[in-house]
2 protein chains.
Amino acid sequence: MKYKLGAFLRAIRTERSLTIKEVAQKAGVSSSLLSQIERNRISPSLDTLLQILEVYGVGPDKFFKTYETSSTVDIIKKDDREMIHRKGFKYEKLSGRSQTRGNHSFNAFFLELEPGAKRGDPTKGHLGRELGIVVNGQADLIYGDENYTLTEGDSVSFFSEIPHTLINTGKTHFQAYWVVTPADGEDFFGDKSS
Amino acid sequence: MKYKLGAFLRAIRTERSLTIKEVAQKAGVSSSLLSQIERNRISPSLDTLLQILEVYGVGPDKFFKTYETSSTVDIIKKDDREMIHRKGFKYEKLSGRSQTRGNHSFNAFFLELEPGAKRGDPTKGHLGRELGIVVNGQADLIYGDENYTLTEGDSVSFFSEIPHTLINTGKTHFQAYWVVTPADGEDFFGDKSS
DNA sequence: CTCTAATATTCAGTATAGTTAAATTTAAAT
DNA sequence: ATTTAAATTTAACTATACTGAATATTAGAG
């Protein structure tokens, strides 16, 4: 059993307050079968799955698209992280592709700034919010007219509409986990030419 | 066997000049199984289908969407035709929903004009082409500055960019089959208030 | 045209989906 | 708290997907 759609199918059903019995009857299959499918005990034949989706009035194209968008668990091993190097800073992406799409999307990464390096735009904010968790070092977050010093162990979150910049004011590398939502709120990785 | 995707799956494979053996091996299933699936002998389990689609690098959402767009056979029984009445003329739609979408879409219908009735727009053309096959009666097709008389048995096809109007110049009902492509080239059924 | 190799299909046995009925769980009423 | 009915799950049997080998078909070479 490679593909486990059961929970997603159950979510559709419960969302509509339908019982296994009702759906199974309309789909022309047994209650037992629908239970087994929802519990990932079996991989249904295509005919069976499509009959069930017909009851829900959801086409298979939309079903799979929504499933991919909302149900995929992306695991990125440390060695497999996408690394992005820019002058003075480095990112390791933590979030998979599926989280960068659709509603409530986000980007997450491990950020590293050399001493003196800066990131961000002092003139423009962007849609959404950010979260930072400091692992090592020290940096100043310049948020509009305010200046906040971040040190190891700090976590910071803020609305991104106000222009903001991060500057490593310490003598060592600044390292933090960083999350931006929604995913397309900012071109966080900057221009490749920079 | 309610859903017959076999031919569509085979089209993908042959389009890429792959053999059943190659695809089956990569998908981790037997050649025999892929043959049976393509020939609609069985309804594959979901796992199996998705494994095959992985080999083709096609996500299931796109697969089903393309299948619906390009492979659906819509059969509309005469009694089930959608009837559209307008002043002086009547349409019976012949084409199903799937043909009105995507590339190369079209609308088809059985058109009936009362004596003296007219259809079309003498001032505006629209994108695409039309085909008419006259079953009964007589009408004039005014195409730009030209006037063509259509009688029973005639078939006529033309680019629709030139403004065109159809007028029943006979004493009896004018009946013809009519095809417009693409489907959204013209609001062929006119305003409901007319 | 024949021949051969590659490819696809079919057949019969194995594995698993699908069914029915029994068992278990859950929700609601008292 | 207990009881009951509804809902779900599981077990054992039936139906069909899936396999590997045999057979049939196709394509290409000479």
Side-chain angles (χ1 to χ4, degrees), chain A residues 1-64 66-68 70-71, chain B residues 1-64 66-68 70-73:
Chain A
M1 176 70 70
K2 192 174 178 184
Y3 296 89
K4 304 192 176 181
L5 305 176
F8 187 61
L9 273 169
R10 177 160 288 194
I12 298 176
R13 179 172 63 81
T14 52
E15 204 170 84
R16 298 155 187 243
S17 304
L18 297 171
T19 63
I20 280 185
K21 184 176 171 184
E22 292 174 311
V23 176
Q25 274 181 345
K26 288 179 182 173
V29 300
S30 67
S31 309
S32 165
L33 180 56
L34 185 53
S35 174
Q36 288 179 84
I37 291 167
E38 288 189 357
R39 298 174 61 78
N40 291 321
R41 296 291 188 273
I42 59 164
S43 171
S45 73
L46 185 59
D47 261 19
T48 298
L49 176 67
L50 295 181
Q51 279 165 185
I52 292 165
L53 292 181
E54 265 186 40
V55 173
Y56 296 139
V58 177
D61 59 318
K62 186 174 174 188
F63 173 77
F64 282 108
T66 311
Y67 170 70
E68 284 166 6
S70 55
S71 308
Chain B
M1 179 68 71
K2 192 172 176 186
Y3 297 89
K4 304 193 174 180
L5 305 176
F8 187 63
L9 273 169
R10 177 160 289 194
I12 297 176
R13 182 173 61 81
T14 53
E15 201 168 87
R16 298 156 188 242
S17 304
L18 297 171
T19 65
I20 280 184
K21 185 176 171 184
E22 291 172 313
V23 176
Q25 273 181 347
K26 287 179 181 171
V29 301
S30 66
S31 309
S32 164
L33 180 56
L34 185 54
S35 175
Q36 288 178 83
I37 291 167
E38 288 188 356
R39 298 174 61 78
N40 292 319
R41 295 292 188 272
I42 60 166
S43 172
S45 73
L46 186 59
D47 262 19
T48 299
L49 176 67
L50 295 180
Q51 279 164 186
I52 292 166
L53 292 181
E54 266 185 42
V55 172
Y56 295 141
V58 178
D61 59 320
K62 185 175 175 186
F63 172 77
F64 282 108
T66 311
Y67 170 70
E68 284 166 3
S70 55
S71 307
T72 307
V73 176

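Chain letters run A, B, ... following the sequence lines, proteins first and then strands; every chain starts at 1.
Judged as a side-chain hydrogen bond (donor to acceptor under 3.5 Å, both in side chains), and not counting sequence neighbours, A/Q25 has no contacts. Every residue meeting the side chain to side chain contact (heavy atoms under 4.5 Å, CB included) condition with B/D47, not counting sequence neighbours, appears here in chain and number order: A/M1, A/K2, A/Y3, A/S43, B/S45. Judged as a side-chain hydrogen bond (donor to acceptor under 3.5 Å, both in side chains), and not counting sequence neighbours, the contacts of A/S32 are A/Q36.
Within 4.0 Å (heavy atoms only), A/T19 reaches sugar-phosphate atoms of the nucleic acid but no base atom.
Put simply, CZ on B/R39 is 11 Å from P on D/dT25, counting in whole angstrom units. A/E38 places its CD atom 15 Å from the C1' atom of D/dT10, with the value rounded to the nearest Å.
Put simply, chain B comes within 4.0 Å of DNA chain C, heavy atom to any atom, from C/dT7 to C/dC11, going 5' to 3'.
Less than 6.0 angstrom separates the ring centroid of B/F8 from the ring centroid of B/F63.
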Identify all pairs in which a protein N or O lies below 3.5 Å from an N or O of nucleotides 12-17 of chain D, and state each distance.
from, atom 1, to, atom 2, distance (Å)
D/dA17, OP1, B/S43, N, 3.2

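The aromatic rings of B/F64 and A/F64 sit parallel to each other, their planes meeting at less than 30°, with 60° as the upper class boundary.
Ionic pairing of A/E22 and A/R13 is not present here: no N-O contact between side-chain nitrogen and carboxylate oxygen is shorter than 4.0 angstrom.
Just one residue in the list A/I42, A/I20, A/L49 forms a side-chain contact (heavy atoms from CB on, under 4.5 Å) with A/I37, and that residue is A/I42.
A donor-acceptor pair under 3.5 Å is formed between the side chain of A/T66 and the backbone N or O of A/K62.
Taking the screw axis at each terminus of the helix from C/dC1-D/dG30 to C/dT30-D/dA1 from five consecutive base pairs, the angle between the two is 40° to within rounding of 10 degrees.
Using a 4.5 Å heavy-atom threshold, the side chains of A/T48 and B/L46 count as separate. For the pair A/R10 and A/R39, the minimum side-chain heavy-atom distance is below 4.5 Å.
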